[in-house]
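Structure first, then comments.
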Amino acid sequence: MEKMWAGRFSKTLDKQADDFNSSLRFDNRMYKQDITGSIVHAMMLGKQGIISEEEKAQIINGLGAIVKDIDEGNLTFANSDAEDIHMFVEAELTKRIGDAGKKLHTARSRNDQVALDLRLYLLNEAEEIGALLKELLGVIRDLAAAHRDDIMPGYTHLQRAQPVTFAHHVLAYAMMFLRDFDRLGDAARRMRISPIGCCALAGTTYDTDREFEAERLGFLGITLNSMDGVSDRDFCVELLNVFAILMMHLSRFCEEIILWSSWEFQFVELDDSFTTGSSIMPQKKNSDMAELIRGKTGRVYGDLIALLTTLKGLPLAYNKDMQEDKEAIFDAVDTVKQCLAVFAPMIATMKVRSDNMKKAAGEGFINATDLADYLTKKGVAFRTAYKTVGEIVAYCIENGKVLESLPLATYQQFDPMFAEDLFEEISLETCVKKRISAGGTGPESVQKQIDFITEFIND
Ligand code: ARG
């Protein structure tokens, strides 16, 4: 088919160059947004008297029929040689309605058109990803509620540090995902500004109504500088940044699930429907889904860096380099959606082995801080108490003992302030219950977190 811009050229485009140049195979996913934008553009052109009412109606009807045909599979992109989705739709329209179709592109350019389509498309995707995040938060909340008082070792440096509840541990991730949700909304708010009407770069000589178009399309306002409007892709970068952080959170959670489901930990057991076997080792049950999500995190970081790098040297205004924005952001959108869709049911169905967690918490001098606190509350300075407990731990290790089973008489050789009540003080249950500070692992704080998430979900 003849190119729309053929007028200035005496030769046709080389076949390989044509394929190389075309973005239709990946930007066709924006067909709905492209057509919605064009319908509103035609409405505006009609309202302003730039095209006739008759032409406006023909264009709007034609576009409506095109979107229906694509939706129903009666019009496909497969054999089209259109340069992109914008050209595809316009050519199809003109094929169907004739001369009126040729008026649609008055007072706009593909440069503002692509900026518009991408914003509309990504706003929709951001909403869907927000809904997936909410679902995930619900799963974490349920996990926390079901294991509110189940004790596990809390780690620092991957060494057993202090007892925490499983609820407190997973709720830490809920807080991260809450912030991701917030960041998503923040990025969406800045994205909700309309570039349509910026035209190629400098605006237009027609008396257009950009506000009308923006309002009809659900935007909060219009870009105030036309060169910025067509050159700006920081809304994509911001979204990629949100995705990169979200994936980083998912990846850390996955790493823990991989560790926890190892034979060494056995804190959780993933459901058969979310694990795979080995082709050679019959005993294996691999946490492939968690590993894949961890792996795909690298890919989303790559998308972010790719776009930042693409943009860094571009002079104003539009440059073809910017067509590269789409594959990066689409890949990240697809990846994030896939990961969230698999991760939530994976953790919803995993078995939590509270017995093993409790056992692990009882084996590693995890209550040593509480023993030092015990002495401190009896009047011993914390540093002195800390040193004494250090010596007791060393003694226990040397003699194959744990704090719970060391006789009181032995304790008293280290400090006469020790009394029978120390054993109650260092029981794991007490250690957790007495962590009463705000935001700590104590039951009141954990319940408060659960309520906070519930309120957010129901909002
Ligand atoms: N397919 C192009 C893109 O994705 C659309 C804009 C093309 N504009 C132009 N002047 N070549 O960036």
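Each ligand, and each atom within it, is numbered from 1 in the order the structure gives.
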Quick one: nearest non-hydrogen protein atom to [atom], plus distance?
atom                    : value
atom 2 (C) of ligand 1  : Gln323 OE1, 3.2 Å
atom 4 (O) of ligand 1  : Lys326 NZ, 2.6 Å
atom 10 (N) of ligand 1 : Asn111 OD1, 3.2 Å
atom 11 (N) of ligand 1 : Arg110 NH2, 3.6 Å
atom 3 (C) of ligand 1  : Tyr318 OH, 3.2 Å
atom 5 (C) of ligand 1  : Asp84 OD2, 3.5 Å

Do [X] and [Y] have side-chain atoms, one donor and one acceptor, less than 3.5 Å apart?
X      : Y      : value
Ser23  : Gln323 : yes
Ser38  : Arg108 : yes
Ser194 : Arg210 : no
Thr94  : Glu90  : no

* Asked: Would Gln447 and Asp451 count as a side-chain hydrogen bond (donor to acceptor under 3.5 Å, both in side chains) if you check the C-alpha gap in whole Å, the side-chain angles of each, and the deciding distance to 0.1 Å?
  -> CA-CA 6 Å; Gln447 190 56 48; Asp451 294 344; 3.0 Å; yes
* To do: Number the atoms of ligand 1 from 1 as they appear, then name those within less than 4.0 Å of a heavy atom of Ser23, with their elements.
  =>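 Those qualifying, in numeric order: 1 (N).
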* contact_flag Glu83 ligand 1 heavy-atom lt 4.0 Å ->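 Outside the 4.0 Å threshold, so no.
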* To do: Would you check if the distance from the ring center of Phe330 to the ring center of Tyr121 is below 6.0 Å?
  =>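 When the ring centroids of Phe330 and Tyr121 are compared, they turn out to be within the sub-6.0 Å range.
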